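Before anything else, here's the structure in question.
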Amino acid sequence: MDSVTNFFWNEDTQSNNPTSVPTTVEEDDTFKQRNRPESLENPLRKQTSKAISEHSMGKDVNKKDRKQSIVDGNKDGSTTLQQMMTDTLVEKVIKMALPPTSDYSRINIEERTVFSKTRPSMSVQIMSNNFIQMNSRLSVPFIIINEVIRLMSWTNIPYTLSMLLVISFAILKPLVAATAGPLFYILFGIMVPKYMYVHKPDDLKVIKHKNTPAQGPALRKPVIPEPVPELSQEFVLNLTDLQNHMLLYVWLYDTINSFLSSFAFFVNEPISCLVFVLMLFVAIINLLFIDDIVKWVPLKFILVVLVWVFVISMHPNNREKMLKQINSEETRLKVLSFVTSYESLIKQHLRYVEAKENKLVKVYEIQKYRETYKEWRTIGFSNDDYCLFSDLRIKELNINEYCTKLLDDVLPPKNWEWIPGSSWVLDLNPQEWVEDNFIQNVEIDSETKWVYDVDFDGFRGKYRRRMWTNMVTRKIETNTSGDNNVNKDDGEQVIEEVVNPLREDIANRSSTFHGVARGSLAGAHNSSIISDENRVNDSLIAEADQSIERELQAEGSVNGISDFTDILNTAV
């Protein structure tokens, strides 16, 4: 990547600045040596080399040094720009080459991207510097982890018992422990040891650890904790602990995810629904009556007993026996049979699922009266009724840009699909949708089902419309592997679909809607499923309609299938 960037950068700099010199390995080493931190250089060596160069080379060398410093300054800017170009290019390539794993992750990525715009982009140099700074300060978390391991291992029995007493006190008196605990730790965990270090006690051979500090002024300088340097044993030890303790987070993440995946992600909807209802019930009871429950149920005492039992079970003499019993095949079969029995019971009583959500799609066929031909010509099909007070008419927008020429070109809404076997149906009750949409200044023709514009002077306008309807259902999406896992069953029982009472009015409205199917002379329910024979007949009628449309358009008497359908509707 650097070679590609250097190639374009060197080409540009050579074209813009003919006097520039390509960067060589020696110059790059000199540049790095010159830009080393002053704290890493020996001041005496720096002054000696400077004095030798001044006395041996003279004033001419100083001029060359000034010229060389200018070249190095240009190289510094070019290197910075090259690094910035490389980081930007790598970030763009990663965004294009690595797609999100799911739609949920895509939403999270979009939200995180908004916040990341105010932060530096991904850079190897920044990442390296930040990692070094973080690793220099990771001693405290690793010390805490070691203390927890020391507590569980029972290597120091008095220490373990003391810590259990402290934990028990924190459980029994949480407010006191939360407020006084940090203060006591600062007093006796930080300040007292630091005072003992500054006022060093006398070394006695008889007593190994003397806890009497020296009197008088401080004998040592106070030591303030600082980040450990890179070249130190503690830095390397932090790297080793970070490498090994990463698995703790991995284990914790996998455990929590495995536990939640059994009920929280609706992989099995009956179980997830039951768990949701139970957890909601417990949460409400906890919210309203937890204060009274604590008075009668010793929750703190139970928690203290559980902590002591857990720590005692972690004793080396008990740990292997307990883990062996937990990981045994017999225990796994018992848990599996217990869970399976309750899952089958839940599926038996909650064997139904909600019916598929259907929706009625409405489009308007818009026609305009042509004075030249003395007839109505179809403009197209739109989701806007294009009445006098519609948004398109008020904004004086061209209706042709918001229409499709053919009814078959109308697409279902996003994330919806047409119900198999459904067809477009002409609405036979325009009075209903006119009143529902509060459409004014219109005239309804009850015979042809057209709704005409009425100008303010009382005459018919240039536009008329009628409504066509069709049924759509929710599209079932597939996962990244292409398998459809939505509402899958084991095949042992038939899942019964039920209608949600909150959506019952929508289902009834779609089922009771009556109209005339396109290419048909009889009324049809919009939600009825057409047989294969009827669909073949509809295709044949559609082809006949297209041929009649071409003939009538050639004669110039009727405007295609739309006017032919008007004649059929009038006959009906």
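Remember, predicted model here, so these are calculated numbers, not experimental data. For the numbers below, each heavy atom of this structure counts, side chains included, while hydrogens, waters and symmetry mates do not.
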Handout entry: Crowding at CG, L231 (>12 non-hydrogen neighbours, <6.0 Å)
Key = no
Exercise for the section: Take atom CD of Q233 as the centre, draw a 6.0 Å sphere, and report whether it contains more than 12 heavy atoms from other residues, nucleotides or ligands. Expected result: no
Exercise for the section: Decide whether T331 and S328 meet the rule of one side-chain donor and one side-chain acceptor closer than 3.5 Å. Expected result: yes
Practice task
Please work out which of the three classes, parallel, tilted or perpendicular, describes the rings of F259 and F263, given edges at 30° and 60°.
Solution key: perpendicular
Practice task
Output all residues satisfying side-chain contact (heavy atoms from CB on, under 4.5 Å) with N135, sequence neighbours left out; order by chain, then residue number.
Solution key: L138, F235, N238, L239, L242
Exercise for the section: May I ask you to check whether E234 and S139 show a side-chain donor-acceptor distance below 3.5 Å? Expected result: yes
Handout entry: Residue pairs fulfilling salt bridge (Lys or Arg N to Asp or Glu O under 4.0 Å) with at least one residue in residues 143-172, sequence neighbours excluded
Key = E147-R150
Problem - Salt bridge K334-E330, side-chain N to carboxylate O under 4.0 Å - result: yes
Exercise for the section: Flag the pair S272 / V267 as yes when at least one side-chain heavy-atom distance between them is below 4.5 Å, and no otherwise. Expected result: no
Practice task
Please check if atom CE in M134 has more than 12 non-hydrogen atoms from other residues, nucleotides or ligands closer than 6.0 Å.
Solution key: yes
Exercise for the section: Indicate yes or no for a side-chain donor-acceptor contact from S232 to the backbone of P229 under 3.5 Å, with no hydrogens or angles considered. Expected result: yes
Handout entry: Backbone of M314 reached by a side-chain donor or acceptor of R319 within 3.5 Å
Key = yes
Problem - Exam field: side chain T473 to backbone N358, donor-acceptor pair closer than 3.5 Å - result: no
Exercise for the section: Could you tell me whether M279 atom CE has more than 12 heavy atoms of other residues or ligands within 6.0 Å of it? Expected result: no
Handout entry: Check ion pair E417-K475 (N to O, under 4.0 angstrom)
Key = no
Just distance, no hydrogens or angles: give the donor-acceptor pairs under 3.5 Å from side chains in residues 285-313, sequence neighbours left out.
residue : atom : partner : partner atom : Å
K300    : NZ   : L172    : O            : 3.3
W308    : NE1  : S168    : OG           : 2.7
S313    : OG   : V309    : O            : 3.1
S313    : OG   : F310    : O            : 2.5

Exercise for the section: Say whether, by atom type as modelled, one donor and one acceptor occur between the side chain of N257 and the main chain of Y253 under 3.5 angstrom. Expected result: no
Problem - Main-chain N/O of V176 paired with T179 side-chain donor or acceptor, under 3.5 Å - result: yes
Problem - Side-chain donor/acceptor of S128 to backbone N/O of V124, under 3.5 Å - result: no
